[in-house]
Amino acid sequence: MTVFIYNTLSRQKEEFKPINPMKVRVYFCGPTVYNYAHIGNARACVVFNLLVKVLRYAYGAAHVQYVSNITDIDDKIIEAAKQSGEDIGVITKKYSDIYNADMSALGAVQPDSQPHATEYIPQMLAMIGKLIESGHAYVAEGHVLFSVPSFPDYGRLSRRNRDDMIAGARVEVAPYKKDPADFVLWKPSTPEQPGWDSPYGRCPENLNGRGRPGWHLECSAMNEAINGNHFDIHAGGEDLIFPHHENEIAQSVCAHGGEPYVNYWMHNGWLTVEGQKMSKSIGNVVLVHDLIKRIPGEVIRFALLSAHYRQPFDWTEELLQQSKRTLDRYYGLLRDVKDIEADDIDVPQIIAEALKDDLNTPKAFAELAVIAKALSSAKTEAEKAEAKGALLAAGRLIGLLQQDAEAWFRGDADVRVIEQKITEIQAARSAKDYKKADQLREALRQEHAVSVSVTPSGITWRKES
RNA sequence: GGCGCGGUGGCAGAAUGGCGAUGUAGAGGACUGCAAAUCCUCGAAUGCCGGUUCGAUUCCGGCCCGUGCCUCCA
C-alpha cells in the first residue's frame, strides 16, 4: 500500500500520506498550446501519468483525482497568432487536440479534469482581489503585482533567498515593481491583445481596464476551484520549480490566509537529444507528432520510462531502437504462447513495490525482464500461463504489452496478401524446394518489408519498420 | 556570481557500509535446410584524492568533468 515520493520541498524521499485516502488529488502542469508537444513534454506527461496509475493501483481507481491544465492564454500564443494570422481560439483548440491525441498515442490516460485557463478568469480575479485586500498584492501602472516581501516563506521550494535572486538577476527590473522579486498577477492588454474586464489598470492607455493574467496565477486559481485550497501532489518539469511553482505557492498560501497549498512537489529531470540541449536554434527539437508517424507510441513510452524520472535523460535513436527490440522480444514471447490462457493474477509485488518506490521504473523494467525470462524458459503449460499472466499484469500497470501480439508484428501490412505468400512458402518448404521458398521470402522482404521466420510450430512473419 | 543535479561494464541503467541487478551489444555453444527467434555458457563497470570504518561504489570533505535553473520552457 505504501507509496514513497521524492518531495522537492524536503529534497528527500518521503512516505506518501494522503490528506484523504478516499480522494487523492494530483495536479500536473500541462502545456501551453501554441505548438506541437516535444519529447520533453511527453516525458513529464508519461511519467506523471504513470504516477496516477500507481496511485490508483494503491488507493483504488475511484479514489484518485487527476487534474492537468491547458494554458490557452499566454504571450507566446498571442505571438503565434500574430505570426500565422489565425485566431487565438483556433490555435489553442488545434494544439490542445493534437496534444491530447499525441499523449494518448503514448498510452497516457486523459486527466479527470483538464481545465483551460481562460475558463477560470473570474476565479483568478477573485484571487487577485483577496491578495490585494490582504496586502499581498498591489496595483501599479495597470499591473497587479504580488508583493514577495509580504510572504516570508518565499523561496522555500527552490531554496533561494531574495538577496541571491536580486544579485543574480539578469533582467532589468520593471520600474513599477516595489521589490525586484515581485511578479505579475495581472497585466494590461492593448486593444489587439486578448483581455478581460477588470477593476485594474484603468489608465489613459487602457481606459477600459482590460487585462490578462500572469502565467502563474492560473494554476493557483484552477486548483482552488478543482482540487481545493490544500491538496496532495503537484507535479511538473524541474524547470518549473522556480519561478512558477514558487510563485504559485506564494499566491495560494497568501490568498488562503496561510493555509498550506501542496504537500508533495514532484519534478522530472530534463532531457537532452543526442547529448545536446533540445532547442529550436540547434534544430533538434523532437516532436512526438513526428515520432509516432514512424514508431509505435508504446516504444516511445518504453524508452521514456527506461530511466528514472528524476535523472537527466538523453534521448537517442539508439535508445529508441533498443526499446523497440525489447518490446519485439516481449511481444514475440507473448505470440509464442498466444494459445495459452494467461492466469488472472495481480501485478507481481516486486514490480508494484518498485513503482510505488518513487516510480522506480528501471527496477520495474529489470523485473519485467526476469518475468519474460521465466516465460521464455517455462516448460509446462501451467508455468507458461502463470508467467504470461504476470507479464500482462505488470504491463497493464506500467502501460505496456496490452496489444494483441500478432497485431504488434503486422503493423500496417496487408495481411491477406502476406498470408497468401506465406501459404506459398509453406508449400515450397513442404516440397523441400528451399530455393523457391527462399526466393519467395526474399520477395516478401523486398516488396512488403516483411521478414519470415520458421519455427517448430509454423511460420511467423513480421513487418519491419 | 547564487542555487541545484549528475558521473556505475562498449551503450542504457538500478541497487547497496561487506557477494555490484537488468537490458542491449560482444564471444562461444545448442537448435535450424538456411536465417530469425529461443535456450545454455562467458568476459566486461562504481571519475580523482583524502577522511570515517574491520571493510566505502555507498557516508563525510576537497577536486575534476558534465549539466540544469536564476528570462519563456516539461
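Chain identifiers are assigned alphabetically (A, B, ...) following the order of the sequence lines, protein sequences preceding nucleic acid strands; residue numbering begins at 1 within each chain.
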Every protein N/O lying under 3.5 Å from an N/O of nucleotides 12-14 of chain B:
residue: B/rA14; atom: OP1; partner: A/His308; partner atom: N; Å: 3.0
residue: B/rA14; atom: O3'; partner: A/Asn360; partner atom: ND2; Å: 3.2

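- The side-chain contact (heavy atoms from CB on, under 4.5 Å) test applied to A/Arg212 returns A/Ile73, A/Asp75, A/Ile78, A/Lys187, A/Ser189, A/Gln193, A/Trp196, not counting sequence neighbours.
- With sequence neighbours left out, the ring pair (Phe, Tyr, Trp, His ring centres under 6.0 Å) criterion links A/Phe302 to A/Phe365.
- Residues passing the ring pair (Phe, Tyr, Trp, His ring centres under 6.0 Å) test with A/Phe183, sequence neighbours excluded: A/Phe146, A/His216.
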Taking only distance into account, with no hydrogens and no angle test, what donor-acceptor pairs under 3.5 Å do side-chain atoms of residues 383-396 of chain A form with protein atoms, sequence neighbours excluded?
residue: A/Glu383; atom: OE1; partner: A/Lys379; partner atom: N; Å: 2.8
residue: A/Glu383; atom: OE1; partner: A/Thr380; partner atom: N; Å: 3.3
residue: A/Lys388; atom: NZ; partner: A/Val337; partner atom: O; Å: 3.1
residue: A/Lys388; atom: NZ; partner: A/Ile340; partner atom: O; Å: 2.7

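- At a threshold of 4.0 angstrom between heavy atoms, the contacts of A/Lys432 with the nucleic acid are absent.
- Not counting sequence neighbours, the partners of A/Trp408 by the side chain to side chain donor-acceptor pair (under 3.5 Å) test are A/Asp328.
- Within the 4.0 angstrom heavy-atom criterion, base atoms lie near A/Met278.
- The ring of A/Phe365 does not lie on top of the base of B/rG23; it is either too far (5.5 Å or more) or too tilted (30° or more).
- Partners of A/Tyr27 according to the ring pair (Phe, Tyr, Trp, His ring centres under 6.0 Å) rule, which considers only residues two or more places apart in sequence or in another chain, are A/His234.
- For the pair A/Asn268 CG and B/rC69 P, the computed distance is 13 Å after rounding to whole Å.
- Within residues 36-55 of chain A, the residues having any heavy atom closer than 4.0 Å to RNA chain B are, in order of number, A/His38, A/Gly40, A/Asn41, A/Ala44.
- Across all strands, A/Leu240 comes closer than 4.0 Å only to sugar-phosphate atoms, never to a base (heavy-atom distances).
- For A/Glu419, the side chain to side chain donor-acceptor pair (under 3.5 Å) partners at least two apart in sequence or on another chain are A/Trp461.
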Item to complete: Produce a footprint string for nucleotides 26-38 of chain B: one letter per nucleotide, 5' end first; B if the base is under 4.0 Å from any protein heavy atom, S if only the sugar-phosphate is, - if neither.
Response: -------BBBB-S
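- A/Asn35 is linked by a side-chain contact (heavy atoms from CB on, under 4.5 Å) to A/Lys280, counting only residues two or more places apart in sequence or in another chain.
- Annotated stems with RNA chain B as a participant read B:1-7 with B:64-70, B:10-12 with B:22-24, B:26-30 with B:38-42, B:47-51 with B:59-63, given as range with range, by first number; only runs of 3 or more Watson-Crick or G-U pairs under 3.5 Å qualify.
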